[in-house]
2 protein chains.
Amino acid sequence: MSSVEPARRGVRLPRKARREQLLASAQEVFVTRGYHAAAMDEIADRAGVSKPVLYQHFPSKLDLYLALLEQSSQDLVDRVQQALDSTDDNHHRVRAAIEAYFAFVDDKSAAFRLIFESDLTNEPAVGSIVEGTDQRCALAISDVISADTGLPEDQAMLVATGLTGMAQTAARFWLREQGRIPRDQASQIMSVLAWRGVSGFPKTH
Amino acid sequence: MSSVEPARRGVRLPRKARREQLLASAQEVFVTRGYHAAAMDEIADRAGVSKPVLYQHFPSKLDLYLALLEQSSQDLVDRVQQALDSTDDNHHRVRAAIEAYFAFVDDKSAAFRLIFESDLTNEPAVGSIVEGTDQRCALAISDVISADTGLPEDQAMLVATGLTGMAQTAARFWLREQGRIPRDQASQIMSVLAWRGVSGFPKTH
DNA sequence: CACCTATGTTACTCGCCAGTAGCATTCGTT
DNA sequence: AACGAATGCTACTGGCGAGTAACATAGGTG
């Protein structure tokens with residue numbers, strides 16, 4: 001695992017490559033320590049570089065964090081959107097969307113911690129990204145629900161939000177208990193649960 | 001609202017009463033600012049008292065926070081347990097348990113922010129309380145599911161955890177959007193969704 | 001090869017805030 | 001009324017960590 005040991009010092013890198021490396025280091029540190037306990041010195045160290053270099057690439061700790069957060073947010077939203085677009089059978093849609101949450105949580109980058117376990121949600125910029133992520137996923141799901149059931153928008157959005165919460169929580173639980181249940185089976189069970197729930201609402205056509 | 005304006009200074013209180021008042025002040029501050037942005041000075045101020053007095057009652061900021069966290073954790077677990085004990089009709093159980101989440105989130109103390117939106121989950125003591133809360137609720141639900149369906153324990157726990165996540169997320173969403181859907185109706189919709197989901201698993205008897 | 005810019009370093013400052021030392025005041029008790 | 005214990009206050013320390021000033025060197029280019 002190259003990601004665990006810090007990079008060697010004294011190696012010069014072109015600006016763009018250094019930036020990418022710094023983002024990777026920052027992601028590891030933020031993900032394991034959280035925002036508050038993460039030290040800019042540690043992030044720099046892990047990239048084999050000193051702190052001022054870090055500040056040549058990012059104006060502040062918050063900006064660095066936001067860059068990573070936005071990236072992870074978009075990643076999740078994309079995964080969910082792709083899952084919904086991957087078929088037009090709603091049963092399969094549910095299956096794919098829930099699997100998307102499991103895959104996101106199972107990603108080795110642990111990016112999900114930034115979104116689902118941020119310790120800076122009181123910072124407005126962070127809060128709005130975190131809430132926005134959930135909202136964008138829920139909106140995509142809600143559109144499908146609205147289109148294929150008689151539920152008014154408000155209620156469809158409530159149901160969709162509940163389902164994202166279910167998927168997220170179940171996926172994180174599965175990750176903690178890894179080994180007891182295979183991923184396929186876990187996400188399958190949750191899909192069955194969710195599908196039985198939503199498929200019972202009145203059809204419009 | 002007496003809870004908004006700080007208490008008058010210069011009023012002496014017996015130890016026990018002061019402690020309760022400090023806990024109440026701390027709850028307000030932690031809930032609105034989060035752990036990190038909460039200043040011990042502000043907590044003391046809000047109780048109409050100076051900081052050293054606060055330290056006569058609690059040895060550290062963390063201890064103070066933990067005291068509140070444990071209280072809120074127990075509160076939620078109790079509500080869920082009581083909901084499950086309130087009937088032996090599983091349909092009603094689901095309804096009552098989900099309503100418990102909505103009621104907890106709707107409580108004016110906003111205690112739910114401590115549990116569901118803590119910004120100190122990296123502190124082990126805090127993390128274990130927060131996870132433990134979810135786990136204790138899920139366990140209580142899982143027992144019911146296990147007893148009345150053919151699901152093995154692992155899977156029942158997964159389903160139960162997913163349901164707690166759904167209830168929690170939906171309740172918080174409802175709170176943000178307050179006014180658009182009455183609480184009864186919102187928790188009713190989620191109950192229908194959840195009940196259709198779980199009631200489909202094979203019965204043992 | 002000499003110069004100049006990119007990249008990088010060491011060693012600070014500066015503000016914030018949890019926690020404390022030492023002193024003042026009220027109030028019940030005798 | 002006088003004393004002691006409980007309650008409270010002002011004013012500090014000490015450490016941590018984000019952000020910076022000033023200096024150093026590699027390496028491409030004429």
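Below, chains carry the letters A, B, ... as their sequence lines are ordered, and counting in each starts from 1. The shown structure was predicted, so the numbers you read here are calculated from the model rather than taken from an experiment. All heavy atoms count here, side chains included; hydrogens, waters and symmetry mates do not.
Distance noted for atom C1' between C/dC4 and C/dG8: 16 Å (whole Å).
Using a cut-off of 4.0 Å between Lys/Arg side-chain N and Asp/Glu carboxylate O, A/K16 and A/E20 are scored as not salt-bridged. Look at A/D45 and A/R9 and you find a salt bridge, because one of the NZ, NE, NH1 or NH2 atoms lies within 4.0 Å of a carboxylate O, short of that distance. A salt bridge links B/R79 with B/D107: at least one charged nitrogen is closer than 4.0 Å to a carboxylate oxygen.
When distances are taken from the side chain of A/R12 to each of D/dA6, D/dA24, D/dC9, the shortest belongs to D/dA24. Taking only side-chain atoms of B/P52, from C-beta outward, the nucleotide of C/dT26, C/dG8, C/dT20 with the closest atom is C/dT20. In the set C/dT7, C/dT20, D/dT7, C/dT7 carries the atom at the smallest distance from any side-chain atom of A/R15.
When side chains are defined from C-beta on, A/N90 does not count as touching A/S199, because their heavy atoms never get closer than 4.5 Å.
Rounded to whole Å, atom C1' of D/dA26 lies 13 Å from atom CG of A/L13. Atom CZ of B/R18 is separated from atom P of C/dT26 by 14 Å (rounded to the nearest Å). With rounding to whole Å, A/D63 atom CG is found 13 Å from D/dA18 atom C1'. Straight-line distance from the NZ atom of A/K51 to the P atom of D/dC23: 20 Å, rounded to whole Å. Whole-Å rounding puts the B/D41 CG to D/dA11 P distance at 14 Å. As a whole-Å value, the separation of A/R33 CZ from D/dG17 P is 11 Å. What separates CZ of A/R9 from C1' of C/dT7 is a distance of 13 Å, to the nearest Å.
Nucleic acid contact for B/A37: none, since no nucleic acid atom lies under 4.0 Å from a heavy atom of the residue. If you check every strand for non-hydrogen atoms under 4.0 Å, A/A38 touches sugar and phosphate atoms only.
For A/E153, the CD atom sits in a loose shell: 12 or fewer heavy atoms of surrounding residues, nucleotides or ligands are nearer than 6.0 Å. In this structure, A/E123 places its CD atom where more than 12 heavy-atom neighbours from other residues, nucleotides or ligands lie under 6.0 Å away.
Between B/F104 and B/F116, the ring planes are perpendicular. Angles over 60° get that label, and only those under 30° would be called parallel.
Partner assigned to C/dA11 is D/dT20, using Watson-Crick or G-U wobble distances below 3.5 angstrom. Pair assignment for C/dA6 gives none, since no Watson-Crick or G-U wobble pairing has each distance under 3.5 Å.
C/dA6 adopts a syn glycosidic conformation, its chi angle falling within 90° of 0.
Taken residue by residue, residues 53-61 of chain A places heavy atoms nearer than 4.0 Å to DNA chain C at A/V53, A/Q56.
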